[in-house]
Structure formats: structure tokens, C-alpha cells
Amino acid sequence: MAEDDNNSAIREELPILYRDEYIVVVDKPSGLLVHRSEVDRHETRFAIQILRDQIGQWVWPAHRLDRGTSGILLFALSQEIAGQLGRQFEAGSVSKRYLAVVRGIPPTAGSIDHPLTRQRERHEFVGEQSSHEAQSALTHYRRLAEIELPFAVDRYPSSRYALLELDPQTGRKHQLRRHLKHIAHPIIGDATHGKGIHNRFFAEHFGCQRMLLACTQLDFDHPMDARRMQINAPVSGEFAATLAQLGWATPDQ
């Protein structure tokens, strides 16, 4: 019995932001996969499994967040509800808001309208009818804060960074990370689309080991009564600590 108690005491749990009999919304930490992937076949921790064990029910993810991205993750408690929510995402009626720290200082506000080629999993089946053409992709952004630090991280005597609010209008794979790389303002901590020298600077100078991208707001229609839901999750942990070290207040939700 003592062994069971110990296992229960150390069992990982996810912060639940909202729950009813049809859906559950959690705050996913950075570094956690949503579900099993061929890309990370040796990983043993998944949001689906953790949440299923936590609430004692099967769950179905309505959308995805990259492993390094933290924030709001919506699950359905039945396949039927998952399908209804999935259709909302496909129709573009779900609104998502992200926060990101990027290299450089982009304009005060703008839009990135840049098609993206489809990125597939290594072992994903590709049928004859599958298209390899780039898909339309649109992201709006707004600059919330900026800073110039007296450190020659790259080839300049100082280094500049900005905090952005991101509003993706489409849902392409790695859209925000790829779009920000496209405009030469990659996200700090992004090992694939970012710039290693700046990632290392944030790790060494601010103690930040994660990608600085988080989903902080999700708006959708409740699948049963169509009321508009708005879920908020302020940044925390390393993300919040890094903002504080930069002298930036955590944005109001």
C-alpha cells in the first residue's frame, strides 16, 4: 500500500484551466510532447497519457502544440466532440494568441503572408493525391516590448530583442517559428528555426533553456451549446523569469 501511495504522490499532473463533461483544457509545459511521435520514439512522457491518468478518462487532442511550445491545449472527452472541435479549427473559427521573444526588433505591427510547404513526419504515409505545393499561411503580429543589451552576441556591439504577440490566421505546421525565421526575427530557444548563438546567450545569461513561445489565449465555440469560450494562461516558469530579467511586465490576458 505504501508503494502505491508513493507512486501516486510523484505522479505528474497538468494544470487544468477548464473542465466540464465534454472538454478539458490544460496548460502544457515546454518540453512535453502532446502524443507519441516517430520523431521522438524514445520519449515516454506525453500530455495525452498524463492527462488520461490524471482524470481517469480517455482524452482526444483537438489541436497540437510543438514540444517546445507551452500553453493552452484543448482536449475532447469523446471522439464525437473531438471531431466537432476539429472542424472549428479547420474552418478558422478558433482564435489563438501567442507570446514570443525574438531576435531583433521588428516593426510595431505587421503581417507575415508567406506560403509554407507541408512538413511531414519522417514515417508519415504520402499518397498519390497528396500535394507537395506550398500552402497559404498568414500570421499577424504586434510588438509589445523591446530592448537593446550591451552584449556583442553576434557581429554587432549590442544585441536587440523584442516581445511579440502573435495571431496566426492559419494553422500550418511550425507556422509561427517558420514565419518569424522568414522575416529574420527567429524565436529565442528555437533549435530548428532559430539562431544558436542567441539561444546560447539566453541559456548562459538568463538561465533560460526553453523556446520562448507560448499559447496564452484560445477562443472557440463550446461544442455543446455554442457559447464562445475564452481560455487564458499567463506565461510562467522560465518564460516569466526571463521576461522579468529583461524588465518586461507579463502582458495582461
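These numbers come from the heavy atoms of this one structure, side chains and all, not from hydrogens, waters or symmetry mates.
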Review point. How about F220 and F89: are their ring centres within less than 6.0 Å of each other?
Key: no
Practice item. Kindly state whether the ring of F46 and the ring of H35 have centres lying under 6.0 angstrom apart. Key: no
Is there a side-chain contact between [X] and [Y] in this structure, where contact means two heavy atoms from C-beta onward sitting under 4.5 Å apart?
X	Y	value
T139	D167	no
I23	H222	yes
M211	R177	yes

Review point. If only atom types and distance count, is the side chain of R64 paired as donor or acceptor with the main-chain N or O of K173 below 3.5 Å?
Key: no
Practice item. Indicate yes or no for a side-chain donor-acceptor contact from R172 to the backbone of L138 under 3.5 Å, with no hydrogens or angles considered. Key: no
Review point. Once the angle between the rings of F201 and Y161 is folded into 0 to 90°, is it parallel (under 30°), tilted (30 to 60°) or perpendicular (over 60°)?
Key: parallel
Under a 3.5 Å threshold, yes or no: a donor from one side chain and an acceptor from the other, between [X] and [Y]?
X	Y	answer
R210	S70	yes
S159	E148	no
Q84	Q88	yes
T170	Q175	yes

Review point. In Å and rounded to the nearest 0.5 Å, what is the CG to CG distance from D66 to L32?
Key: 12.5 Å
